[in-house]
Amino acid sequence: MKSVDQEEISRRRGIYFQGFGIYGGLSGLYDYGPYGSRIKDKVISEWKETMLSEGNVAEFDGTTITHTDVLKASGHYDRFFDYSVECESCHTKFRADDLVEKKGVPAVLDRQWLQDKIRELGIKCERCQGDLGEVKIQKLMFSVDQGEGMEPLFLRPETAQGMFVNFKEYYRFFREKLPFAMITVGRGYRNEISPRRALYRLREFNMMECESFFDPQNEMWIHDPADDVRVAFLTTDGVEIKASPKEAHEKGIVKSQPMAYFMGLALRFYSRVGIDLERMRFRKHRKEELSHYSSETWDAEALTDLGWIEITGIAHRGTYDLTNHMKHSGKDLYAQRVIPKREVNRAIKEIDYQKVKSESPESSAKIIAALKEGKTSITIGNQVIDLNRFVTEKEEKVTIDREDFVPVVIEPAFGFDRIFYTILDHNLSSREDSGYVLLKIPYTISPYNAAILPLMNKDDLDTKARSIFEDLLKKKFSVIYDDAGSIGKRYSRYDEVGIVYCITIDYDTIKGGDVTIRHRDTKEQVRIKIEDIPDYLGTDPWDGKKN
RNA sequence: GCGAGUGUAGUGUAGCGGUAGCACAAAAGCUUCCCAAGCUUUUAACCCGGGUCCGAAUCCCGGCACUCGCACCA
């Protein structure tokens, strides 16, 4: 396969291009054009279909503006500022707080403090011993101004948090049974220091994320991992093993069963959208790459003209997110498991309301409130009141058959834009004979069902073609009409954007009521009756015959 | 963000102090009975802002963008 310049063709054919072109562009912000948007929609619905077909998966659609406390709990807020300092002679960049901590001094995240400390400790460039420059601050999340006197809000750096903070809603939706998973598709925002390489690193990007929740005592998905497709697994020892997700799990390469399961789902999705599994691998994160809360993380990587790029991350997040949201919000995000019935003694406190009322009639409301909060004393005016005398402790026997636990989370997070890039990379090719470009994406994600082309632009061929076009539109097919240029040129035009079928209206159409349908990859044609077109386009009869 | 390089119609390029040319694409017409045919016509660009100069796409400065390295990448 000859190499094709993806960016050039995407710009030229309106698949994607840099945003704000007339104003000089903005880095890391790309728009999807007419063809790109259609392909995008279809890829996303393939993903949703793949995930939702599990049965115990539901969808969620959350806001992009995010409550600041959510980001404090998730840890993003603390990483909001990146304090960097650069060597003035060799221009190597370091994290200012890291340099200070390496000297055994706990860092304070403050620009001036770090600046002073570096000077005070006489820290030099680690590489060349040169002098370090000013400490600079990089904002890593985008903030949203709320107006004067109000704290700014932030745009979400990932879609995942919405699924954690609403955990109880979903838990109820699934009638309090684990495991289940939530999925969401939406935009996220990260102020990357140097966004680069077209769709690879964006500042505003599309994510397709899934959060699955498990009882840690039974960390199993409801189905077995896929066994019908083998792909490369790259372990931390640098060993590459070809295995199916099921085998990888059984051999202990992938420890977590659900993780192996989601790998299988990911592979199913990739192949449905035309990603070449021969150019895919799962790579395990080394210890130093792992987030501190994760016990196991695998990246799905695709080989493209950018090299191996990460297109999906499957991370074991443990109980990190839910625990932190419980801590920060003070709300219960537990799930419950059924345990064998047993009797336990439970201490209960009974408040003697009569006594409160009679002893301090004017302060009774305050006292009762304090008692309910579990306080043992309260100060009213300048008098300290001991609350214990209003409470009698009792023990009672209760039967319990439930216990609380924090669910563990496994997150397969798909980066849409990188997947889109990979789809184009794996499917853009040029014909052996002519060198003309064709985009061999599957029919399911092709931007239109077909292009309707009159062979000639005269002798009623055009009016006949028009009426077929209008009729297909009415029947909800996505079709495009084109009568400009020679027929070969038009075929080629639609090859480039991945349209699988071209329907040509010729002189026999007028006589016999049939048309030719030409297939993109093989250039072969079949004749079918006009009235059979909808069925034909509905079933993709060429499926399976493709190269 | 730093360093180096680059920025000319939609795309790919030529011009590199005298006011922009080519190819492909696109549009109109003619022609054409199935794979970018041909002919005629047309549309369309010097990234933005300053400076030097009689004159700047060309030289200088600043910005923006892109590419490559460094750093960053939850």
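Below, chain A is the first sequence line, B the second, and so on; all start at residue 1. None of the values given here were measured: they were computed from a predicted structure.
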In whole angstrom, what separates [X]'s [atom1] from [N]'s [atom2]?
| X | N | atom1 | atom2 | value |
| --- | --- | --- | --- | --- |
| A:Ile517 | B:rC34 | CD1 | C1' | 14 Å |
| A:Arg490 | B:rU32 | CZ | C1' | 11 Å |
| A:Leu29 | B:rC66 | CG | P | 9 Å |
| A:Leu132 | B:rC70 | CG | C1' | 15 Å |
| A:Leu26 | B:rC47 | CG | C1' | 13 Å |
| A:Asp514 | B:rC34 | CG | P | 16 Å |
| A:His76 | B:rC72 | NE2 | P | 18 Å |
| A:Asp5 | B:rG12 | CG | P | 7 Å |

A:Val515 vs A:Leu306, nearer the 5' end of RNA chain B by closest nucleotide: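 Per heavy-atom nearest nucleotide, the more 5' residue is A:Val515.
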Pairwise 5' ranking along RNA chain B for A:Lys523 and A:Glu8, keeping only the more 5' one: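 Result: A:Glu8.
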For the [atom1] atoms, the ones on [N] and on [M], what distance do you get once it is rounded to whole angstrom?
| N | M | atom1 | result |
| --- | --- | --- | --- |
| B:rA45 | B:rU11 | C1' | 12 Å |
| B:rG3 | B:rC47 | P | 23 Å |
| B:rU40 | B:rA20 | C1' | 24 Å |
| B:rG49 | B:rU58 | P | 12 Å |
| B:rA4 | B:rC39 | C1' | 49 Å |
| B:rA25 | B:rG38 | P | 8 Å |
| B:rG1 | B:rC72 | C1' | 9 Å |
| B:rG12 | B:rG29 | P | 29 Å |

Within the 4.0 Å heavy-atom criterion, would you say [X] contacts the bases, only the backbone, or no part of the nucleic acid?
| X | value |
| --- | --- |
| A:Ser27 | sugar-phosphate |
| A:Arg201 | base |
| A:Glu496 | base |
| A:Ala198 | sugar-phosphate |
| A:Ser74 | nothing |
| A:Ser291 | sugar-phosphate |

Over 12 foreign heavy atoms within 6.0 Å of CD1, A:Ile65: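 At most 12 heavy atoms, drawn from other residues, nucleotides or ligands, come within 6.0 Å of this atom.
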Crowding at NE2, A:His67 (>12 non-hydrogen neighbours, <6.0 Å):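 It does not: A:His67 NE2 has 12 such atoms or fewer within range.
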Output the single nucleotide from [options] whose closest atom is nearest the side chain of [X].
| X | options | result |
| --- | --- | --- |
| A:Arg11 | B:rU11, B:rC34, B:rA36 | B:rU11 |
| A:Arg518 | B:rC35, B:rC33, B:rC73 | B:rC35 |
| A:Glu7 | B:rA36, B:rU67, B:rC34 | B:rU67 |
| A:Tyr507 | B:rU11, B:rC35, B:rC33 | B:rC33 |
| A:Tyr491 | B:rC72, B:rC35, B:rC33 | B:rC35 |

Identify all pairs in which a protein N or O lies below 3.5 Å from an N or O of nucleotides 37-43 of chain B, and state each distance.
residue : atom : partner  : partner atom : Å
B:rA37  : OP2  : A:Ser486 : OG           : 2.2

Please output the side-chain donor-acceptor pairs of residues 199-207 of chain A that fall under 3.5 Å, not counting sequence neighbours, one pair per line with the distance.
residue  : atom : partner  : partner atom : Å
A:Arg203 : NE   : A:Ser27  : O            : 2.9
A:Arg203 : NH1  : A:Asn191 : OD1          : 3.4
A:Arg203 : NH2  : A:Ser27  : O            : 3.1
A:Glu204 : OE2  : A:Arg187 : NH1          : 3.0
A:Asn206 : ND2  : A:Asp417 : OD1          : 3.1

For A:Arg12, all residues meeting salt bridge (charged side-chain N to carboxylate O under 4.0 Å, His left out), sequence neighbours excluded: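 A:Glu8, A:Glu496.
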For [N] and [X] - does any side-chain N or O of the residue sit under 4.0 Å from the phosphate oxygens OP1/OP2?
| X | N | answer |
| --- | --- | --- |
| A:Arg196 | B:rC72 | no |
| A:Gln18 | B:rA65 | no |
| A:Arg197 | B:rC68 | yes |

Pi-cation contact, A:Tyr16 with A:Arg11 (under 6.0 Å, within 45°):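 No; the conditions do not both hold, so A:Arg11 does not lie above the ring face of A:Tyr16.
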Salt bridge (charged side-chain N to carboxylate O under 4.0 Å, His left out) contacts in which one or both residues fall within residues 299-309 of chain A, not counting sequence neighbours: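 Salt bridge (charged side-chain N to carboxylate O under 4.0 Å, His left out) check on residues 299-309 of chain A returns A:Arg281-A:Glu301, A:Arg283-A:Asp299, A:Arg283-A:Glu301.
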Sequence neighbours excluded, every pair satisfying salt bridge (charged side-chain N to carboxylate O under 4.0 Å, His left out) that has a member inside residues 307-322 of chain A: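 Passing the test, one end in residues 307-322 of chain A: A:Glu158-A:Arg317, A:Arg317-A:Asp321, A:Arg317-A:Glu411.
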Please tabulate, for side-chain N and O atoms in residues 454-461 of chain A, each donor-acceptor pair with protein atoms closer than 3.5 Å (sequence neighbours left out).
residue  : atom : partner  : partner atom : Å
A:Asp459 : OD2  : A:Tyr507 : OH           : 2.5
A:Asp460 : OD1  : A:Thr463 : OG1          : 3.3

Is there a donor on the side chain of [X] or the base of [N] sitting less than 3.5 Å from an acceptor on the other?
| X | N | value |
| --- | --- | --- |
| A:Ser492 | B:rC35 | no |
| A:Glu192 | B:rC73 | no |
| A:Asp506 | B:rC33 | no |

Sidechain-backbone polar pair: A:Ser291 side chain, A:Ser294 backbone, donor-acceptor under 3.5 Å: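 No, the answer is negative, given that no donor and acceptor are paired below the 3.5 Å cut-off.
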Counterpart base for [N], defined by Watson-Crick or G-U wobble contacts under 3.5 Å:
| N | value |
| --- | --- |
| B:rA37 | none |
| B:rU32 | none |
| B:rG1 | B:rC70 |
| B:rG12 | B:rC22 |
| B:rC46 | none |
| B:rU58 | none |

Close aromatic pair by centroid cut-off 6.0 Å: A:Phe17 and A:Tyr30: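 That pair fails the under 6.0 Å test.
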Atom pair CG/CG of A:Leu153 and A:Asp145 - distance to nearest 0.5 Å: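 Taking CG in A:Leu153 and CG in A:Asp145, the distance rounds to 9.5 Å.
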